[in-house]
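Structure record follows, encoded as structure tokens.
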Amino acid sequence: MSEKFDVIVVGAGPAGTSCAYTCAKNGLKVLQIERGEYPGSKNVMGGVLYRKQMEEIIPEFWKEAPLERPVVEQRFWMMDKESTVSFGYKGLEWGKEPYNNFTVLRAPFDQWFAKKGVEQGVLLINETVVLECLTENGKVVGVRTDRPDGEVYADVVVLADGVNSLLAKQLGYHKEFRPDEVALTVMEVINLSKDKINDRFNLEDNQGCTIEIFGDSTKGNLGTAFIYTNKDSINIGVGTTLSSMIKAKLKPYDLLDYLKTHPMVRPLIEGGESAEYLAHLIPEGGYHSVPKVAGDGVLLAGDAAQLVNAIHREGSNMAMASGTMAAETIIDAKKRGDFSETSLNQYRETLYQSFIIKDLEKYKDATHTFEHYPQYFKEYVPMLNRAASKFFTVDGTPKKEKQKEIMKSFTSERGTIRVLQDMYRAWKAVK
């Protein structure tokens, strides 16, 4: 641990391993430090891995990686207490190479990915906590760990240690996040036979389905729930911003139990056996919460840089892309022999020109809008369900009259002006 490395990567999630793998593959001496017993033991995500960013790191990775099912259908539910308005897309082309995305279980996948990095030359140290970054004249020169004689040095330190990056806070790169900038997601893995999963979700072998659920799944608060199919288990979870939990006095596991017993959800998981509970903080602040990502001898990647698109539930792909961008910046800096903030700002420039920041900027006001105007989840989702029930109920009323009654019910409950204002505000937040 006393020797000097080209790069120290803190964290063995998608961002950290993408960076470590790419650096080692290009001949750099890399140390990767993971606080968990093994990569993936401390990491949680709903369970969807997008193909493109991973394939750019390891071509045709799906031929050997421990994946669950290629997703061929994405559903969206606007759910009320006893109903749901559903829409989505099912495409069999997604079930063929090169695929679109996959359901995964993080523990086996992260271990496999980190092992690929080790094969490239990464020195991976597990069960080790990085206590602080070492600095000299304002430049990060290494880290101090909880191991005896645990100081280790490098030209660049990459912080990929998650949403609540204490190391980035110690450096003053970001403040303590507000409750409306962070969401708490709880998830359960429920074992269920492959045949029951195929039957209940209308799938065949090696086909997966994802369901994103809005409305009553969070009791009308800002947030979403999800159901993802694995080979012989189901990931089911729900998350809301901490501010919503505080305001509504919600307990996360009570919310998960409420979701599991919902009449629209219960038949999908009935008879399943609980295998694992997980909880995780997710950055929800988006564009406005992205901290300083490059400094003298240091870079931030993945959740530590707040790179999550809450609207599209994208996180792991952004983490991998940012980790790769960080690695490419370090490789170029090594050639120049310059690891100053000016040199490493290449990472920031690349990041801000990429789909990551462009997507975050597109939705920069969405979370704030839906947080401060709760009617979208509390009122409009139930109104949509009542409208669908009325329209599709055959009771002898002409459809034209039904349409008028439905429109009248929308405007009478909220008022015409307020409905138009709400529609414009929502459009502006996601346009």
Side-chain angles (χ1 to χ4, degrees), residues 14 18 44-79 84-110 112-113 116 185 187 189-190 192-214 217 224-237 264-265 268-269 282 307-322 324 354-356 358-359 362-363 430:
S18 297
V44 179
M45 70 178 185
V48 172
L49 175 74
Y50 292 92
R51 181 263 310 169
K52 188 178 188 303
Q53 284 71 38
M54 185 68 207
E55 187 182 21
E56 290 174 350
I57 302 166
I58 302 178
E60 298 186 336
F61 68 93
W62 57 82
K63 292 184 177 179
E64 57 174 306
L67 306 170
E68 291 298 310
R69 294 175 181 240
V71 176
V72 299
E73 183 175 12
Q74 295 183 181
R75 303 178 193 171
F76 301 88
W77 286 4
M78 300 295 172
M79 194 164 73
T84 183
V85 174
S86 175
F87 60 94
Y89 176 77
K90 184 172 186 177
L92 297 184
E93 76 277 6
W94 284 352
K96 304 172 185 175
E97 293 188 17
Y99 307 105
N100 177 46
N101 57 359
F102 307 85
T103 53
V104 297
L105 294 171
R106 278 292 296 271
F109 178 82
D110 282 13
W112 170 85
F113 193 16
K116 301 301 286 186
T185 295
M187 186 184 87
V189 180
I190 298 176
L192 198 65
S193 72
K194 178 182 68 174
D195 290 341
K196 285 186 177 179
I197 292 173
N198 290 350
D199 180 58
R200 293 177 184 182
F201 291 85
N202 190 29
L203 300 170
E204 297 180 3
D205 290 351
N206 207 35
Q207 291 182 345
C209 173
T210 66
I211 306 176
E212 308 287 346
I213 311 172
F214 307 87
S217 60
T224 59
F226 57 86
I227 302 172
Y228 300 151
T229 60
N230 301 317
K231 288 178 180 176
D232 51 14
S233 65
I234 289 174
N235 291 348
I236 180 169
M264 298 292 108
V265 174
L268 296 178
I269 62 173
I282 298 175
L307 304 180
V308 170
N309 182 343
I311 299 298
H312 289 271
R313 317 311 301 172
E314 292 182 34
S316 62
N317 60 326
M318 290 185 166
M320 290 179 177
S322 67
T324 303
S354 73
F355 79 96
I356 297 175
K358 288 180 179 178
D359 283 354
K362 170 180 168 60
Y363 298 114
V430 301

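Of the inter-residue distances, the one linking M318 atom CE with D359 atom CG reads 5.0 Å to the nearest 0.5 angstrom. The CE atom of M78 lies 10.0 Å from the OG atom of S217; values are rounded to the nearest 0.5 Å. Separation of atoms CG (L92) and CD (E73) is listed at 10.0 Å; rounding is to 0.5 Å. Note that CG of D232 and NZ of K194 are 9.0 Å apart. Values are rounded to the nearest 0.5 Å. Considering CD1 of I213 and CE of M79, their distance stands at 5.0 Å, rounded to 0.5 Å. Distance check, rounded to the nearest 0.5 Å: NZ of K90 to CG of L203 gives 5.5 Å.
Scanning both residues, I197 and L192, for their nearest heavy atoms gives CD1-O, 3.6 Å. Here the shortest heavy-atom pairing between M264 and W77 reads O-CH2, 3.6 Å. When all heavy atoms are compared, the tightest approach of S322 to I356 is N-CD1, 4.0 Å. The minimum heavy-atom distance between P14 and R106, with the atom names listed, is CD-NH2, 3.0 Å. The shortest non-hydrogen separation linking I57 to S18 is CD1-OG, 3.3 Å. Closest heavy-atom contact between E204 and N198: O-OD1, 3.7 Å.
Between F76 and F87, the ring-plane angle classifies as parallel under the 30° and 60° cut-offs.
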Quick one, F201 with I227, criterion side chain to side chain contact (heavy atoms under 4.5 Å, CB included). Give me CA distance, side-chain angles, the key distance, then yes/no. CA-CA 11 Å; F201 291 85; I227 302 172; 3.9 Å; yes
Dump the intermediate steps for side chain to side chain contact (heavy atoms under 4.5 Å, CB included) on K52 and F355, then the final yes or no. CA-CA 13 Å; K52 188 178 188 303; F355 79 96; over 6 Å; no
Kindly determine whether E97 and K63 satisfy side chain to side chain contact (heavy atoms under 4.5 Å, CB included), including the steps that lead there. CA-CA 10 Å; E97 293 188 17; K63 292 184 177 179; 3.9 Å; yes
Using the rule given for side-chain hydrogen bond (donor to acceptor under 3.5 Å, both in side chains), can you reason through Y228 versus E212, listing the C-alpha separation, both sets of side-chain angles and the distance that settles it, and then say yes or no? CA-CA 9 Å; Y228 300 151; E212 308 287 346; 2.6 Å; yes
Report the C-alpha separation of K116 and E64 in whole Å, then their side-chain angles, then the decisive distance to 0.1 Å, and conclude whether the side chain to side chain contact (heavy atoms under 4.5 Å, CB included) test is met. CA-CA 11 Å; K116 301 301 286 186; E64 57 174 306; 3.1 Å; yes
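Ring centers of F61 and F102: under 6.0 Å apart, within the cut-off.
With contacts defined as side-chain heavy-atom distances shorter than 4.5 Å, the pair F113/I58 qualifies. Y50 is not listed as a side-chain neighbour of M320, based on a closest heavy-atom distance of 4.5 Å or more. In this structure, I211 and L268 have side chains that are in contact, with non-hydrogen atoms separated by less than 4.5 Å. Looking at heavy atoms from C-beta onward, T185 lies in side-chain contact with F226 at the 4.5 angstrom threshold.
Panel note: side chain R313, backbone A310; a donor-acceptor pair is recorded below 3.5 Å. Here the side chain of R51 pairs no donor or acceptor atom with the backbone of N100 at under 3.5 angstrom. Within the 3.5 Å criterion, the main-chain N or O of K231 finds a donor-acceptor partner in the side chain of E68. One N or O on the side chain of T103 and one on the backbone of T229 form a donor-acceptor pair closer than 3.5 Å. Side-chain atoms of K362 come within 3.5 Å of backbone N or O of V430 as a donor-acceptor pair.
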